[in-house]
Participant: 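What follows is a single structure, and I will ask about it in a moment.
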Amino acid sequence: MGNSAGLPPIYTDKPIELAPAKIITSFPVNTFLENLAIAPDGTIFVSNHEVGKIVRITPDGNQQIHATVEGKVSGLAFTTNGDLVATGWNADSIPVVSLVKSDGTVETLLTLPDAIFLNGITPLSDTQYLTADSYRGAIWLIDVVQPSRSIWLEHPMLARSNSESVFPAANGLKRFGNFLYVSNTEKMLLLRIPVDSTDKPGEPEIFVEQTNIDDFAFDVEGNLYGATHIYNSVVRIAPDHSTTIIAQAESGVIGSTAVAFGQSKGNRTAIYIVTNGGMFLPPPTGIVPANVVRLEVGKTGYSLT
């Protein structure tokens with residue numbers, strides 16, 4: 001996994017088992033695809049971060065603008081009735097959580113002036129979501145019915161090593177069993193936080209060190225599939241903490257940002273990856289088109305709810 005940018009060589013000794021890869025659709029150079037959510041019918045919703053668009057993509061790669069948010073959009077998660085909850089900023093650069101209806105209309109659920117950088121989002125219950133605040137070093141609890149918000153956990157392990165760093169700390173988050181897993185990209189850590197029977201957090205612990213994960217997804221066996229962003233790859237981290245590289249630049253995943261499992265028949269053992277083509281740290285080739293890539297991993301995705 002050579003790189004010319006002087007990145008820490010954290011994956012050089014990891015085994016490589018490339019999964020069959022297929023580019024489903026591409027976007028123009030300098031498109032920052034940040035996150036994705038996949039509907040039961042196979043429709044892929046992706047966030048085009050910097051222009052505040054949510055794009056709807058058919059399983060065969062046909063793109064349509066689904067919704068426009070006034071500002072920027074980061075994380076996406078479904079509600080129980082098929083609407084989308086989106087994190088981002090409004091036109092005044094204040095963090096917001098929006099509800100995007102299935103017809104594409106957008107309403108601001110909550111404005112969070114005391115948040116800094118809302119990023120990944122995942123369901124905690126039917127009406128409650130957790131979202132990472134990458135610069136505050138916290139996880140917010142969002143209730144979409146009330147609607148209300150509160151700090152679920154604020155902790156040094158979720159924060160940056162210094163406030164000057166542009167890299168996001170707490171970034172992606174997903175639950176598996178009785179733990180919430182969180183990537184701290186800036187500290188190159190994968191964390192896990194015990195979640196009790198009342199959905200309250202325990203003390204964070206380090207699950208894997210020296211790994212550069214943006215957003216990720218789990219299969220039913222507890223394997224984590226992580227987008228490594230500036231490392232231009234996708235890795236599988238097994239329950240025993242071991243890492244295998246399953247996609248790299250030649251797979252089409254330069255600038256990989258997020259991962260989600262297919263939901264429709266024939267796609268449940270595939271993951272889909274969105275990329276930004278290397279915008280944050282351009283490869284020697286220069287920035288390339290942003291892709292949505294399908295990887296066949298042979299395992300079924302773990303349910304988000």
Side-chain angles (χ1 to χ4, degrees), residues 19 24 35-47 54 56-57 59 75-87 97 99-100 102 119-132 139-145 152 171-183 190-202 207 213-227 234-240 246 257-274 292-305:
I24 299 298
N35 206 270
L36 75 166
I38 303 179
D41 68 359
T43 304
I44 304 164
F45 294 87
V46 305
S47 55
I54 296 169
R56 190 172 69 240
I57 301 167
L76 297 175
F78 283 110
T79 65
T80 50
N81 67 355
D83 296 336
L84 285 164
V85 184
T87 60
V97 177
L99 183 67
V100 182
S102 50
N119 205 328
I121 183 168
T122 199
L124 183 65
S125 68
D126 280 355
T127 61
Q128 293 184 316
Y129 293 77
L130 296 174
T131 179
I139 297 169
W140 292 87
L141 175 66
I142 304 292
D143 190 305
V144 296
V145 174
W152 188 71
N171 192 339
L173 69 182
K174 294 285 184 331
R175 190 167 177 170
F176 184 83
N178 294 323
F179 291 92
L180 181 77
Y181 290 75
V182 185
S183 57
L190 180 64
L191 307 169
R192 69 176 192 176
I193 301 165
V195 181
D196 72 14
S197 58
T198 64
D199 287 339
K200 298 283 192 303
F207 188 70
I213 305 295
D214 190 329
D215 221 319
F216 55 90
F218 281 101
D219 69 24
V220 289
E221 295 173 10
N223 297 292
L224 179 153
Y225 301 83
V234 178
V235 295
R236 180 181 67 235
I237 300 177
D240 69 3
I246 63 164
T257 53
V259 179
F261 266 88
Q263 300 295 318
S264 54
K265 189 170 158 48
N267 286 310
R268 289 197 181 94
T269 60
I271 55 174
Y272 290 79
I273 294 92
V274 290
V292 180
V293 180
R294 180 189 190 274
L295 292 180
E296 179 54 61
V297 297
K299 310 271 186 199
T300 307
Y302 181 72
S303 175
L304 290 174
T305 49

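Model, not experiment: these values are computed from the prediction.
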Participant: For Phe218, which of Tyr181, Tyr225, Phe179 qualifies under ring-ring contact (aromatic ring centres under 6.0 Å, His included)?
Facilitator: Tyr181
Participant: Would you sort out whether Leu224 and Arg236 count as a side chain to side chain contact (heavy atoms under 4.5 Å, CB included), showing the intermediate values?
Facilitator: CA-CA 6 Å; Leu224 179 153; Arg236 180 181 67 235; over 6 Å; no
Participant: Return the OG to CD distance between Ser303 and Gln263, rounded to the nearest 0.5 Å.
Facilitator: 7.5 Å
Participant: Do Asp219 and Arg268 meet the salt-bridge criterion of a basic N to acidic O distance under 4.0 Å?
Facilitator: no
Participant: In sequence, state the C-alpha distance, the side-chain angles, and the governing distance for Leu190 and Ile237, and then conclude on side chain to side chain contact (heavy atoms under 4.5 Å, CB included).
Facilitator: CA-CA 10 Å; Leu190 180 64; Ile237 300 177; 4.0 Å; yes
Participant: Would a 4.5 Å heavy-atom cut-off, applied to side chains only, mark Val293 and Ile24 as touching?
Facilitator: no
Participant: Is the closest side-chain heavy-atom distance between Ile38 and Phe45 below 4.5 Å?
Facilitator: no
Participant: Report yes if some heavy atom in the side chain of Leu180 is under 4.5 Å from a heavy atom in the side chain of Trp152; otherwise report no.
Facilitator: yes
Participant: Should we say atom CG of Asn178 is surrounded by more than 12 heavy atoms from elsewhere, each under 6.0 Å from it?
Facilitator: no
Participant: Is there a side-chain contact between Ile139 and Ile193, using heavy atoms and a 4.5 Å cut-off?
Facilitator: yes
Participant: Decide side chain to side chain contact (heavy atoms under 4.5 Å, CB included) for Asn119 and Leu173; before the verdict, give the C-alpha distance in whole Å, the side-chain angles of both, and the deciding distance to 0.1 Å.
Facilitator: CA-CA 9 Å; Asn119 205 328; Leu173 69 182; over 6 Å; no
Participant: Taking the side chain as C-beta and beyond, is there a heavy-atom pair between Leu130 and Val182 under 4.5 Å?
Facilitator: no
Participant: Do Asp215 and Val259 have side chains that get closer than 4.5 Å, going by heavy atoms?
Facilitator: no
Participant: Can you tell if the side chain of Asn35 reaches within under 4.5 Å of the side chain of Thr257, non-hydrogen atoms only?
Facilitator: no
Participant: Side-chain contact, heavy-atom cut-off 4.5 Å: Leu84 with Phe78?
Facilitator: yes
Participant: Identify the residue among Phe216, Phe261, Phe176 that makes a ring-ring contact (aromatic ring centres under 6.0 Å, His included) with Tyr302.
Facilitator: Phe176
Participant: Minimum heavy-atom separation for Val274 and Val292, please, with both atom names.
Facilitator: CG1-CG2, 4.1 Å
